[in-house]
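Have a look at the structure that comes next, please.
Numbered from 1 within each chain, the chains take letters A, B, ... in sequence-line order.
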Protein chains: 2
Amino acid sequence: MAKIPAEAVERLHSQGYKLTKPRQAILAWFFAEQTMITAQELYRALVQRKAGVGLTSVYRNLEVLVEVGLLRQVCFHDGCQRFELVQPGEHQHHLICSGCGRVIKFSGCPLAKLERDLETTTGFTVDRHSLQIFGRCRQCQEESTLGNRSI
Amino acid sequence: MAKIPAEAVERLHSQGYKLTKPRQAILAWFFAEQTMITAQELYRALVQRKAGVGLTSVYRNLEVLVEVGLLRQVCFHDGCQRFELVQPGEHQHHLICSGCGRVIKFSGCPLAKLERDLETTTGFTVDRHSLQIFGRCRQCQEESTLGNRSI
DNA sequence: ACCTAACTGAAAGTCATTTTCAGTTAGGTT
DNA sequence: AACCTAACTGAAAATGACTTTCAGTTAGGT
């Protein structure tokens with residue numbers, strides 16, 4: 001099984017969580033793949049790798065890993081909840097193709113000023129935001145010209 | 001039953017949809033309440049109003065109304081799909097309190113430039129985005145100081 | 001009044017997610 | 001190294017949002 005960065009293990013221990021086999025398998029998957037995945041897809045991927053992890057544990061541990069801040073949950077337009085590694089210090093969003101589902105990450109989020117303004121006008125304390133941009137990648141633009149099916 | 005604006009009816013007819021009783025009840029709810037709601041909540045609200053609308057029809061018609069552009073579907077951080085009226089010509093986002101669920105709408109979305117940049121750098125055609133900002137309203141900030149429960 | 005494609009509700013089905021529960025284990029303590 | 005126990009596990013059952021099916025019903029054009 002792949003190595004888990006010491007800071008990640010420390011993060012778990014410091015909040016009273018153990019580094020169990022399922023937890024290890026799940027983290028290993030994210031560190032190896034560096035991409036987004038749903039709970040169901042992750043479960044299937046782990047079964048294929050013979051990681052011996054139950055579906056229940058996948059759900060429970062994704063929740064724990066979000067809680068300790070190692071993962072982030074992103075809600076897609078289709079209602080799917082996907083999970084991804086939180087890259088330390090990095091602030092990223094996604095450009096998603098509604099034709100093929102391809103995801104392009106980008107940084108350079110222009111929302112900081114807006115959030116400051118909202119805090120002063122509304123009295124809220126802002127602590128996070130969710131932004132996804134939807135469109136069609138070049139390939140899917142061509143396909144739809146040819147009259148093909150899409151999501 | 002409340003009156004439905006003629007443009008809304010026209011919008012349905014022009015796309016081959018009829019103004020049925022369930023459709024009318026659902027639109028009436030949105031025009032009266034001017035707020036967001038989930039499919040389940042809307043069903044319960046309509047039952048309470050004795051609108052005589054089945055759950056199946058609620059789901060089917062929310063889908064139709066989104067398709068013709070009268071409603072918009074917003075995915076919340078908790079995974080809930082909520083629906084709201086599309087205000088003609090208006091571009092709005094939401095500031096959501098994770099303590100009490102209160103929603104504040106705001107306009108003044110600073111994403112147009114970002115989207116243009118993304119189009120040139122990635123070759124995507126951008127056609128919509130989803131943005132929600134989460135925080136705590138003044139009231140819930142006070143409550144959590146007092147050690148109360150929250151979402 | 002008639003016609004018919006669009007539509008309806010009830011019931012059954014699907015599928016992601018959560019809960020329950022009887023054991024198991026990580027990892028600190030003696 | 002054996003021990004302790006709260007954290008954890010997987011299987012099975014339960015939940016709950018949403019979809020499909022189907023036998024009728026209706027809006028609205030002719």
Next on the checklist: Using the side-chain heavy atoms of Y59(B), tell me which of these nucleotides is nearest: dG27(C), dA17(D), dA16(C).
Outcome noted: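 Nearest to the side-chain atoms of Y59(B), counting from C-beta on, is dA17(D).
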Checklist entry - Is there a residue in residues 7-15 of chain A whose heavy atoms reach under 4.0 Å of DNA chain D, and which residues are they? => result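 Nucleic-acid contacts, sorted: none.
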Checklist entry - Would V66(B) and V86(B) satisfy side-chain contact (heavy atoms from CB on, under 4.5 Å), going step by step from the backbone distance to the final call? => result CA-CA 9 Å; V66(B) 167; V86(B) 171; over 6 Å; no
Item to check | Considering all heavy atoms, the nearest L114(B)-G108(A) contact | outcome: CD1-O, 3.9 Å
Checklist entry - Side-chain N or O of T20(B) less than 4.0 angstrom from OP1 or OP2 on dA27(D)? => result no
Checklist entry - How many angstroms lie between OG1 in T122(A) and CD1 in I133(B), if you round to the nearest 0.5 Å? => result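 Spacing of OG1 (T122(A)) from CD1 (I133(B)) equals 9.5 Å.
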Checklist entry - Which of the following nucleotides, dT21(D), dC18(D), dA26(C), is nearest to the side chain of K18(A)? => result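 That would be dA26(C).
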Checklist entry - Picking from dA12(D), dT8(C), dA17(D), which would you name as closest to the side chain of Q40(B)? => result dA17(D)
Item to check | Closest heavy-atom pair and its distance - I96(A), F124(B) | outcome: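 Closest approach of I96(A) to F124(B): C-CE2, 3.9 Å.
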Item to check | Distance-minimising heavy-atom pair for Y43(B) and L55(B) | outcome: CE1-N, 3.3 Å
Checklist entry - DNA chain D: T38(B) or Y17(B), which has the more 5' nearest nucleotide? => result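 Closer to the 5' end of DNA chain D: T38(B).
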Checklist entry - Of the nucleotides dT8(C), dA27(D), dT17(C), which has the atom closest to the R60(B) side chain? => result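 Nearest to the side-chain atoms of R60(B), counting from C-beta on, is dT8(C).
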Next on the checklist: Give me the atom names and distance for the closest heavy-atom approach of H94(B) to V103(B).
Outcome noted: CD2-CG1, 3.3 Å
